[in-house]
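For reference, the structure is listed below as structure tokens.
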Amino acid sequence: MQPAQRTGRHCHPGGVIGYVVEGEITLQIDGQSATTLRAGSVFHEPSGVTIARFDNASNTETAVFIAFYPLADDQPLISMLD
């Protein structure tokens, strides 16, 4: 992710399991407090839940993550909201 990159509100039909390789990412599930994920952190975005934020927490550094998207058949990877 580029410095200060934001994803916008979204959801994943099959959820997401991931690992932060470099940098810091702010993850916030709708209705919950934001969490800062640092290099070495793992994360889970539950299926069908609104993700309010999945943003690069730095204005100057990139963030790198690896994500696994368990999908079935023709499910889309992501559904953008708003």
Any donor-acceptor pair under 3.5 Å linking the side chain of [X] with the backbone of [Y]?
{"X": "Arg53", "Y": "Ile51", "result": "no"}
{"X": "Gln75", "Y": "Ala72", "result": "yes"}
{"X": "Asn56", "Y": "Met1", "result": "yes"}
{"X": "Gln28", "Y": "Gln32", "result": "yes"}
{"X": "Asp55", "Y": "Thr7", "result": "yes"}

Contacts of His12 meeting ring pair (Phe, Tyr, Trp, His ring centres under 6.0 Å) (sequence neighbours excluded), chain-then-number -> His10, Tyr69
Rounded to the nearest 0.5 Å, how far does [atom2] of [Y] lie from [atom1] of [X]?
{"X": "Thr35", "Y": "Ile29", "atom1": "OG1", "atom2": "CD1", "answer": "7.5 Å"}
{"X": "Leu71", "Y": "Ser47", "atom1": "CG", "atom2": "OG", "answer": "9.0 Å"}
{"X": "Arg9", "Y": "Thr50", "atom1": "CZ", "atom2": "OG1", "answer": "5.5 Å"}

Give the minimum heavy-atom separation between Arg6 and Ala4, together with the two atoms involved.
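For Arg6 and Ala4, the tightest heavy-atom pair comes out as NH1-O, 3.1 Å.
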Looking only at heavy atoms, the pair that brings Gly15 and Pro70 closest together is O-CD, 3.5 Å
| field | Verify same cluster id: Phe68, Tyr19 (apolar side-chain graph, 4.5 Å) | value | yes
**Report entry** Same apolar cluster (I L V M F W Y, side chains within < 4.5 Å links), Phe65/Leu77
**Finding:**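 Yes, one cluster joins them.
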Apply side-chain contact (heavy atoms from CB on, under 4.5 Å) to residues Arg38 and Ile25 and explain how you reach the verdict.
CA-CA 7 Å; Arg38 294 177 174 79; Ile25 295 172; over 6 Å; no
Exercise. Should the ring pair Phe43 and Phe54 be called parallel, tilted or perpendicular, given that the plane angle runs from 0 to 90° and is split at 30 and 60?
Worked result: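 Phe43 and Phe54: tilted rings.
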Report task. Please step through side-chain contact (heavy atoms from CB on, under 4.5 Å) for the pair Val21 and Ile66, ending with a clear verdict. Result -> CA-CA 7 Å; Val21 178; Ile66 298 169; 3.8 Å; yes
For the residue pair Val49 and Cys11, establish whether any side-chain heavy-atom pair is separated by less than 4.5 Å. no
